Amino acid sequence: MGRLFGTDGVRGLANADLTAELALGLSVAAAHVLGDAGAFEGHRPVAVVGRDPRASGEFLEAAVIAGLAGSGVDVLRVGVLPTPAVAYLTGLLEADFGVMLSASHNPMPDNGIKFLARGGHKLDDAIEDAIEAHLELLGTEERPRPTGAAVGRVRDHDAGFEQYLAHLLSVLPNRLDGLRVVIDGAHGSASKVSPEVFRRAGAEVVHTIGDAPDGLNINDGIGSTHLGPLRAAVVEHGADLGIAHDGDADRCLAVDAQGNEIDGDQILAVLAVAMREAGTLGRNTVVGTVMSNLGFKLAMEREGIELVQTAVGDRYVLESMKEHGYTLGGEQSGHVIFLDHATTGDGTLTGLMLAARIAETKQTATELAAVMTRLPQVLVNVKGVDKARASTDELLLAAVAEAEAELGSTGRVLLRPSGTEPLVRVMVEAADVERVHAIADRLAEVVRQRLGC
């Protein structure tokens, strides 16, 4: 069996891949592993548990809480909140760890479990491996179970919403008065949080979409992976800015007044310049990934800002930031991390910071985003293939090498298996858009032929 944990926790089709039994087992294993490591020494352990609005989150939440309480862990249930809110509350409430139930931008039938360490940080790979190993042992080892007063207690922590909003407002550099905004909550975790905090920050929220989650409509044709409705709404309502989140609101993409997309690279570029001017850009460096657009790299060179690139996944961006003292990093997909204020990507905070820069400079979103020019980049998701062989198939690697030689220094090729979905991503980037499409389609076909199941 392959590794259970992907780049962002455990994900799969709810009640098929990710069952109540697995959710319960994972929570028991996590409690045991963290307890054995001494994380609960001298006190009664506490965990914060939150989720996005997916219907399957209801029974998975119950399973996780049962596993934790049955292992002697007290649970603070915060309900439907963004992933970064759960991370923040894990630190604020001095909990021993946190659990977030979400499959982020994935379709509604999927769900996921993400464990957070003390302080709201993502678990180290070694701890995840230990949880997996312990999961295999459950039921085969004799281990005393807590009884009586030693079992975990479960309490609802209803103050989490207001505590998270207060945090967001406290780190905003300036108010948003006069700014007209449309917000797309993707029928997800930010459906209530994001419009409310923008209003309290002074913005006029002229319209909201994706703000009525019913458990079934999360990410359904809206949100950061489907910007069409937001583009139309921004133009229709004469807004200055549109903000789109994904299901768990750890990412943010934006739309300018003309309905043009502002992607994660552009947002990072705008905020890197803003933080450099404010003296808060740690080591004058921004952290991106190997998927960052070449135009972003060129823009940072022109601005005199260093760019460090990591493997794809916000956990790798975060690791680099923590190790080297960087304060800003993120991904093209809209995960942006402000390490002075958050332990993970925070889509609501990102939207607020972008809006604050617009309000401060009196420039439009279009003018600010022009700090970088995006080179044509094509991303093809090839589904139904054996992604585990993407880095070892010789004929596929030869095809990639041939494409790289064809592009030379004018572009680049990236082939990588998804860490959260059963597919392989083919990315090609160059100045000539027709050439980019041709090479991407050619490589995608090789992937299908060589890795097809």
Side-chain angles (χ1 to χ4, degrees), residues 8 11 13-14 52-57 80 82-83 102-112 181-195 198 205-237 239 241-267 291 293 312 314 330-336 345-348 350-351 354 365 369 374 376-383 418 420-423 425-427 437 440:
D8 210 21
R11 285 189 193 172
L13 181 61
D52 73 20
R54 290 166 212 265
S56 60
V80 174
T83 291
S102 177
S104 190
H105 60 283
N106 285 23
M108 181 277 293
D110 290 349
N111 215 322
V181 181
V182 175
I183 296 175
D184 181 351
H187 294 310
S189 294
S191 299
K192 307 303 179 188
V193 166
S194 192
F198 268 85
V205 180
V206 296
H207 187 64
T208 58
I209 55 180
D211 61 348
D214 62 8
L216 306 178
N217 57 4
I218 189 170
N219 298 325
D220 187 8
I222 54 175
S224 61
T225 54
H226 303 89
L227 291 177
L230 180 62
R231 294 176 193 266
V234 167
V235 173
E236 178 185 351
H237 293 275
L241 179 69
I243 296 294
H245 301 297
D246 61 337
D248 70 335
D250 65 351
R251 67 171 72 181
C252 165
L253 294 181
V255 169
D256 69 13
Q258 290 73 47
N260 301 307
E261 176 185 351
I262 302 174
D263 70 12
D265 286 340
Q266 292 171 296
I267 293 172
M291 288 289 287
N293 192 279
V312 174
D314 61 336
E331 299 185 278
Q332 189 181 77
S333 58
H335 286 112
V336 177
D346 190 327
T348 307
T350 301
L354 178 61
R374 282 185 293 185
Q377 187 181 75
V378 171
L379 180 65
V380 180
N381 293 325
V382 187
K383 302 179 180 180
S418 169
T420 58
E421 299 175 81
L423 54 84
R425 305 189 196 280
V426 177
M427 190 276 286
H437 279 282

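Bear in mind the structure is a predicted one, so any value in this text is a computation, not a measurement.
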Colleague: Could you report the tightest heavy-atom contact between A440 and V426, atom names first, then the distance?
Modeller: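 Minimum heavy-atom separation between A440 and V426: O-CG1, 4.1 Å.
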Colleague: Between the main-chain N or O of S104 and the side-chain N or O of N219, is there a donor-acceptor pair closer than 3.5 Å?
Modeller: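 Yes; judged by distance alone, with no hydrogens or angles, the pair exists.
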Colleague: Could you give the distance from CD1 (I267) to CG (L354), rounded to the nearest 0.5 Å?
Modeller: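 Answer for the CD1-CG pair, I267 versus L354, is 5.5 Å.
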Colleague: Side chains of D263 and N293: closer than 4.5 Å at any heavy-atom pair?
Modeller: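 Of all side-chain heavy-atom pairs linking N293 with D263, none is under 4.5 Å.
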Colleague: Might you point out which heavy atoms bring S418 and R425 nearest each other, and give the distance in Å?
Modeller: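 Result for this residue pair: OG-NH2, 3.3 Å.
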Colleague: Atom CZ in R251, atom OG1 in T225: separation rounded to 0.5 Å?
Modeller: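 One gets 7.5 Å once the value is rounded to the nearest 0.5 Å.
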Colleague: Quick one: do N260 and I262 satisfy side-chain contact (heavy atoms from CB on, under 4.5 Å)? Show the steps, please.
Modeller: CA-CA 7 Å; N260 301 307; I262 302 174; 6.0 Å; no
Colleague: Measure from the side-chain N and O atoms of R54 to the backbone N and O of P107, and report whether any donor-acceptor pair falls under 3.5 Å.
Modeller: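 Yes, because the side chain of R54 sits within donor-acceptor range (under 3.5 Å) of the backbone of P107.
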Colleague: What are the two closest heavy atoms between H245 and S194, and how far apart are they?
Modeller: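 Shortest heavy-atom separation between H245 and S194 comes out as NE2-OG, 2.9 Å.
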Colleague: What's the verdict on side-chain contact (heavy atoms from CB on, under 4.5 Å) for V206 and V182, showing C-alpha distance, side-chain angles and the deciding distance?
Modeller: CA-CA 6 Å; V206 296; V182 175; 3.7 Å; yes
Colleague: Is D314 reaching over with its side chain to a backbone N or O of H335, donor-acceptor style, under 3.5 angstrom?
Modeller: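 The answer is no, because no donor-acceptor pair under 3.5 Å joins these two groups.
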Colleague: Hey, could you give me the CZ/OG1 distance between F198 and T208, rounded to the nearest 0.5 Å?
Modeller: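 F198 atom CZ to T208 atom OG1 measures 12.5 Å (nearest 0.5 Å).
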Colleague: Do you know the tightest heavy-atom contact between G210 and D184?
Modeller: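 For G210 versus D184, the nearest heavy atoms are CA-OD1, 3.9 Å.
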Colleague: Less than 4.0 angstrom from a charged side-chain N to a carboxylate O is my criterion; do E421 and R11 meet it?
Modeller: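 Looking at E421 and R11, the cut-off is not met.
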Colleague: Identify which one of S102, S189, S191 satisfies the side chain to side chain contact (heavy atoms under 4.5 Å, CB included) criterion when paired with P82.
Modeller: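 Going through S102, S189, S191 one by one, the side chain to side chain contact (heavy atoms under 4.5 Å, CB included) with P82 is satisfied by S189 alone.
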Colleague: Counting C-beta onward and ignoring hydrogens, is there a side-chain heavy-atom pair between C252 and I243 closer than 4.5 Å?
Modeller: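 A side-chain contact under 4.5 Å exists here.
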Colleague: For Q377, what residues pass the side chain to side chain donor-acceptor pair (under 3.5 Å) criterion, not counting sequence neighbours?
Modeller: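 Once residues adjacent in sequence are excluded, the partners of Q377 under the side chain to side chain donor-acceptor pair (under 3.5 Å) criterion are Q332, E429.
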Colleague: Say you draw a straight line from OG1 of T83 to CG of D246; how long is it, rounded to the nearest 0.5 Å?
Modeller: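 Reported to 0.5 Å precision, the distance equals 8.0 Å.
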Colleague: Would you please test N111 and S56 for side chain to side chain donor-acceptor pair (under 3.5 Å) and show each step?
Modeller: CA-CA 7 Å; N111 215 322; S56 60; 2.8 Å; yes
Colleague: With side-chain contact (heavy atoms from CB on, under 4.5 Å) as the criterion, how do Q266 and R374 come out once you've worked through the C-alpha distance, each side chain's angles and the decisive distance to 0.1 Å?
Modeller: CA-CA 8 Å; Q266 292 171 296; R374 282 185 293 185; 3.5 Å; yes
Colleague: Which atoms form the tightest heavy-atom contact between P195 and I183, and what is the distance?
Modeller: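 The pair with the smallest heavy-atom distance is CA-CD1, 3.7 Å.
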Colleague: Got a sec, which residues hit ring pair (Phe, Tyr, Trp, His ring centres under 6.0 Å) with H226, two or more places apart in sequence or on another chain?
Modeller: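 Per chain and number, H226 pairs via ring pair (Phe, Tyr, Trp, His ring centres under 6.0 Å) with no residue.
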Colleague: Going through the distances and angles, do L13 and D110 end up as a side-chain contact (heavy atoms from CB on, under 4.5 Å)?
Modeller: CA-CA 4 Å; L13 181 61; D110 290 349; 4.0 Å; yes
Colleague: Looking at side-chain heavy atoms only, is the closest gap between D220 and H187 below 4.5 Å?
Modeller: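 Of all side-chain heavy-atom pairs linking H187 with D220, none is under 4.5 Å.
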Colleague: Hey, does the side chain of K192 reach the backbone of A212 with a donor-acceptor pair shorter than 3.5 angstrom?
Modeller: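 No.
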Colleague: What are the two closest heavy atoms between A55 and L216, and how far apart are they?
Modeller: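 In this case the closest contact between A55 and L216 is CB-CD2, 4.1 Å.
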